Amino acid sequence: MGGWKRTHSCGALRAGDAGKTVTLMGWVFRRRDHGGLIFVDIRDREGITQCVFNPGDGAEAHAKVQGVRGEFVLAVRGAVAPRPAGTENVKIPTGAVEVLARELKVLNDCRPLPFQLDSEGDAEVDETLRLKYRYLDMRRAPVLRAFQVRDLLCRAVRDYLHEHGFLEVETPFLTRSTPVGARDFLVPSRLQPGSFYALPQSPQLFKQLLMVAGFERYFQIVRCFRDEDLRKDRQPEFTQIDIETSFLDRDDFLPIVEGLVAAIWRRVKGVELALPFPRLAYDEAMARFGSDKPDLRFGLELRDVSALFVGGEFQAFAQVVGGGGAVKALRIPGAGSMSRKDLDDLTAEAKQAGAKGLVWIKVTAEGLNSPVAKFLSAVQDRLLSLTGAATGDLVLLVGDAPAVAATVLGRLRIDLARRFKLIPVDRDVFAWVIDFPLVEWNAGEKRWDAVHHPFTAPRDEDLPLFESDPGKARAKAYDLVLNGQEAAGGSIRIHQQSVQERLFGLIGISKEEARARFGFLLEALEFGAPPMGGIAFGLDRLAASLAGQESIREVIAFPKTQKGTCPLTDAPAPVDARQLRDLGIRVVEGADPA
RNA sequence: GGGCUCGUGGUGCAGCCUGGUUAGCACACUGGACUGUCAAUCCAGAGGUCGCGGGUUCAAAUCCCGUCGAGCCCGCCA
């Protein structure tokens, strides 16, 4: 840089700096060439400053800047001057001043860009192209801002947890495959041919071992890997805030987590959250919202209207209720205007979600408008009062097993709330969902599966249910829900080896298999494991939410596409035959991935 | 594995439904003019396998089939 030193950032200069000689370094954001006078907006991470190239201030600099184009890297030296009256730019913080360029160094040139970085309109650049040139995409202020939010989030987490006695510990990425959960990413071992490491789906087992080690409070901001299909909120590698503590029961632990969330919101958004967060039992969340991660920013609660149909003339519902099922109702205010086609689509959606059918009722001034209106006349008044429906509203009914009816309407609740813009987007609503079932029946495999993971402790009083009625046993598990998304999930762990073995027995993992897969954990539990529990946040989702982004790709530096590829590096890619030989691996041509 | 949407100069879009001029517009790019602009302006210019393959037709960006890529969703994700 020829001995030049940057004296200020491009966001620093104000009216009070007039008269100073400064050196700015950055990229050419925009260039306005008036022939005799050339304006260059120079940009760095901190902002934009207008530089004026006037032959009278620096003839050589003015000559040089004629060849300068967008995104050239410049060093500009000159005097700060207040802008002539009437030419100030109120849109940028440095708009009161400009730099009268005396000297110019072109530190680097730049090819014509694959897409514009300075567009102010709503022209969206194709995302694959953005990712292929992510380093250019990231020069754009909104993209940078998302990463600054993520940085602030991480700092808030580290500061808060360190203040509360948590120790930051790293755990292995090369570990062993476990039988539960998502598909593992495998890494072949060269030194142990035929054996594989697995990348961790989460540091679950390690953090429990750290508790056995007596570290008492651990956290880690850690990458996790799951080889499953991608979504806008799911990447094959993602980041968790992983936390584990000893000697705390649920009600001691959750307030610590609430404090963490409050610290994050304070730091990133300057918002003071109301604590504690409300708690909903799983059963209640399902009954009222048809979801285990209800969006509580709006109402539209489900109602149970089973009683109206007992033995009634509407045979379909009468049979459902008679057979132990339920009829649930969802009222959407103002949705009575939906067309027949919209309602047909809605019915298709309900069926896709598992319902046998969907009953829709438009409430009009003349009465109920519905394909099954003739069956409803007897219960019309009670239906309207139970649901609170009024003229112009739409009421949806699903009769099925209680869980199915609730889930279907829960999905329609979200869909319709979005469609009719009933969701206030200007606030964040948190809630805990607690008392999850411990296990659920897997009809396909004819066995019980752990709902959370197999190290989750049952509520003490539910332990006897293992033998009598496992489906009724509730877990010491908790999810933190933010605006209808799962922000974090965790549990109090089983810390006694005998209980752990009983649970493995219940979910059909034999003693031998358990010993083979995580005997190391079972053994550790025999050496004085303390009571322990923890939680893990999805950091990317949290960051996306804080940055006001829909997709976590916006807060991941170099994310993958939906097919798991990286447009920038073209990963994944074939490797040399030599590398495969070292690993003892042969690629089967035409192999059909299941 | 399945459903829906999209693919047109470097970028963002129009044209496609209803096949038929030289595929149009804006930005970027190149050359020129211009001393107060800030999405500078004005003049001129260059730049297109209409994702790819096949079919229908006298004729395909346009209609049909297949395929590839991207996005959203379902399944999947303890």
Side-chain angles (χ1 to χ4, degrees), chain A residues 29-42 48-57 62 66-67 69-71 81 83-92 94-95 98 100 111-133 136 178-184 201-202 204-205 224-236 238 345 348-349 351-354 411 415 436 438-440 442 448-456 475 477 486 489-491 503 507 509 536 538 550-551 553 560-563 565 567 592-594:
Chain A
F29 184 57
R30 286 202 191 96
R31 182 180 175 282
R32 292 173 297 280
D33 187 344
H34 290 239
L37 203 60
I38 297 174
F39 299 93
V40 172
D41 292 337
I42 184 168
I48 293 172
T49 301
Q50 172 168 286
C51 301
V52 189
F53 290 81
N54 188 326
D57 293 321
H62 180 265
Q66 307 224 5
R69 292 295 180 271
E71 297 303 312
R83 295 201 191 183
T87 68
E88 298 89 351
N89 186 350
V90 293
K91 288 192 221 161
I92 54 175
T94 61
E98 58 197 5
L100 308 177
R111 283 166 50 181
L113 298 165
F115 56 91
Q116 289 313 113
L117 307 186
D118 65 344
S119 56
E120 294 202 345
D122 43 359
E124 287 245 345
V125 179
D126 176 72
E127 192 179 355
T128 313
L129 191 71
R130 289 177 56 202
L131 295 184
K132 180 169 166 63
Y133 298 98
L136 297 178
T178 49
V180 287
R183 203 175 285 113
D184 284 321
Q201 298 174 25
S202 79
Q204 183 61 40
L205 299 173
C224 302
F225 306 87
R226 293 178 191 178
D227 188 6
E228 296 293 347
D229 286 358
L230 285 71
R231 291 281 190 283
K232 66 181 170 184
D233 61 351
R234 271 162 39 188
Q235 285 272 307
F238 61 99
D345 290 349
E349 192 184 331
K351 284 182 176 165
Q352 229 223 331
R411 194 181 283 194
D415 192 71
F436 281 83
L438 183 69
V439 292
E440 64 187 345
N442 181 334
W448 294 99
D449 281 343
V451 168
H452 193 60
H453 59 57
F455 316 108
T456 297
E486 185 191 329
S491 64
L503 182 65
I507 62 176
I509 296 180
E550 282 276 313
S551 167
R553 292 191 297 268
K560 308 277 189 292
T561 68
Q562 198 158 37
K563 286 231 167 59
T565 65
D592 189 18

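Only this structure's heavy atoms are used, side chains among them; waters, hydrogens and symmetry mates stay out. Quick caveat: nothing in here was measured; it's all calculated off a predicted structure.
- Under 3.5 Å, the side chain of A/Arg231 and the base of B/G71 form no donor-acceptor pair of N or O atoms.
- In this structure, the CG atom of A/Asp229 is 13 Å from the P atom of B/A70, given to the nearest Å.
- Regarding A/Asp41, its CG atom lies at a distance of 6 Å from the C1' atom of B/C38, rounded to whole Å.
- Nearest nucleotide to the side chain of A/Glu98, out of B/C76, B/U37, B/G12: B/U37.
- Stacking between A/His34 and B/A40 is shown: the ring centroid lies under 5.5 Å from the centre of the six-membered base ring, and the planes differ by under 30°.
- With rounding to whole Å, A/Glu88 atom CD is found 13 Å from B/U37 atom C1'.
- For A/Lys563, no side-chain nitrogen or oxygen approaches OP1 or OP2 of B/C68 to under 4.0 Å.
- Rounded to a whole Å, the CG atom of A/Leu230 is 14 Å from the C1' atom of B/G75.
- Which of B/C73, B/A39, B/U37 sits closest to the side chain of A/Arg83 comes down to B/U37.
- B/G36 and B/U22 have their P atoms separated by 45 Å, with the value rounded to a whole Å.
- Side-chain contact between A/Arg83 and A/Asn89 is present, with at least one heavy-atom pair separated by less than 4.5 Å.
- Pair assignment for B/G66 gives B/C52, based on Watson-Crick or G-U wobble hydrogen-bonding distances that are each under 3.5 Å.
- Nucleotides of RNA chain B nearest to A/Asp33 and A/Gln50 differ in position, and the one nearer the 5' end is that of A/Gln50.
- Across B/U37, B/G71, B/G75, the shortest atom-to-atom separation from the side chain of A/Gln562 is found for B/G71.
- Comparing B/A59 with B/G15, their P atoms are spaced 26 Å from each other, to the whole Å.
- For the C1' atom pair drawn from B/G20 and B/U57, the interatomic distance equals 12 Å after rounding to whole Å.
- The distance from the CZ atom of A/Phe455 to the CG atom of A/Leu205 is 4.5 Å, given to the nearest 0.5 Å.
- A/His62 places no side-chain N or O within 3.5 Å of a backbone atom of A/Ile38 that could act as its donor or acceptor partner.
- Across the strands present, B/U18 finds no partner; the criterion is a Watson-Crick or G-U wobble pair with both atom distances under 3.5 angstrom.
- Of the candidate nucleotides B/A40, B/G10, B/G12, B/G12 has the atom lying nearest to any side-chain atom of A/Asp126.
- For A/Leu37 and B/C34, the CG to P distance is 13 Å, given to the nearest whole Å.
- Residue A/Leu136 contributes atom CG, which lies 13 Å from atom P of B/U11 at whole-angstrom precision.
- No donor-acceptor pair closer than 3.5 Å links the side chain of A/Arg32 to the backbone N or O of A/Phe39.
- Here the C1' atom of nucleotide B/G75 and the CG atom of A/Asn442 are 15 Å apart, to the nearest Å.
- For the pair A/Phe29 CZ and B/C38 P, the computed distance is 14 Å after rounding to whole Å.
- Between B/U62 and B/G19, the distance separating the two P atoms is 12 Å to the nearest Å.
- The main-chain N or O of A/Asp229 is found under 3.5 Å from a side-chain atom of A/Arg234 such that the two form a donor-acceptor pair.
- Within the structure, a side-chain polar atom (N or O) of A/Thr565 is placed less than 4.0 Å from OP1 or OP2 of B/A70.
- A/Arg111 comes within 4.0 angstrom of no nucleic acid atom, judged by non-hydrogen atoms across all strands.
- Out of B/G75, B/C77, B/U37, the shortest distance to the side chain of A/Arg226 is found at B/C77.
- Within the structure, every side-chain polar atom (N or O) of A/Arg69 is placed at least 4.0 Å from both OP1 and OP2 of B/A28.
- Among the protein residues, A/Leu129 comes within range of the sugar-phosphate backbone only, with heavy atoms under 4.0 Å from sugar or phosphate atoms but none that close to a base.
- Using a 4.0 Å heavy-atom cutoff across all strands shown, A/Ser202 reaches at least one base atom of the nucleic acid.
- A donor-acceptor contact under 3.5 Å is formed by the side chain of A/Arg234 with the base of B/C76.
- Within the structure, a side-chain polar atom (N or O) of A/Arg32 is placed less than 4.0 Å from OP1 or OP2 of B/A40.
- Residue A/Pro567 is classed as having no contact, given no heavy-atom separation below 4.0 Å to the nucleic acid.
- Under 4.0 angstrom from either OP1 or OP2 of B/A70 there lies at least one side-chain N or O belonging to A/Thr561.
- The same atom, C1', is picked in B/A70 and in B/A46; the two are 30 Å apart, to the nearest Å.
- A distance cut-off of 5.5 Å between ring centres, combined with a plane angle under 30°, leaves A/Phe115 outside any stacking arrangement with the base of B/U11.
- The pair A/Glu349-A/Arg411 does not count as a salt bridge, with every side-chain nitrogen at least 4.0 angstrom from each carboxylate oxygen.
- To the nearest whole angstrom, the two P atoms, one in B/A61 and one in B/C17, are 12 Å apart.
- Base-pair partner of B/G45: B/C29 (Watson-Crick or G-U wobble, both distances under 3.5 Å).
- A distance of 11.5 Å separates CG in A/Asp41 from CZ in A/Arg31, rounded to the nearest 0.5 Å.
- Taking every side-chain heavy atom of A/Arg553 into account, B/C72 is the closest of B/G12, B/C38, B/C72.
- Across all strands shown, A/Pro114 has heavy atoms under 4.0 Å from sugar-phosphate atoms exclusively, and none from any base.
- Only the C1' atoms considered, B/G10 is 9 Å distant from B/G47, to the nearest whole Å.
- On the P atoms, B/U49 is 28 Å away from B/G32, given to the nearest whole Å.
- Side-chain atoms of A/Gln50 do not come within 3.5 Å of backbone N or O of A/Gly95 as any donor-acceptor pair.
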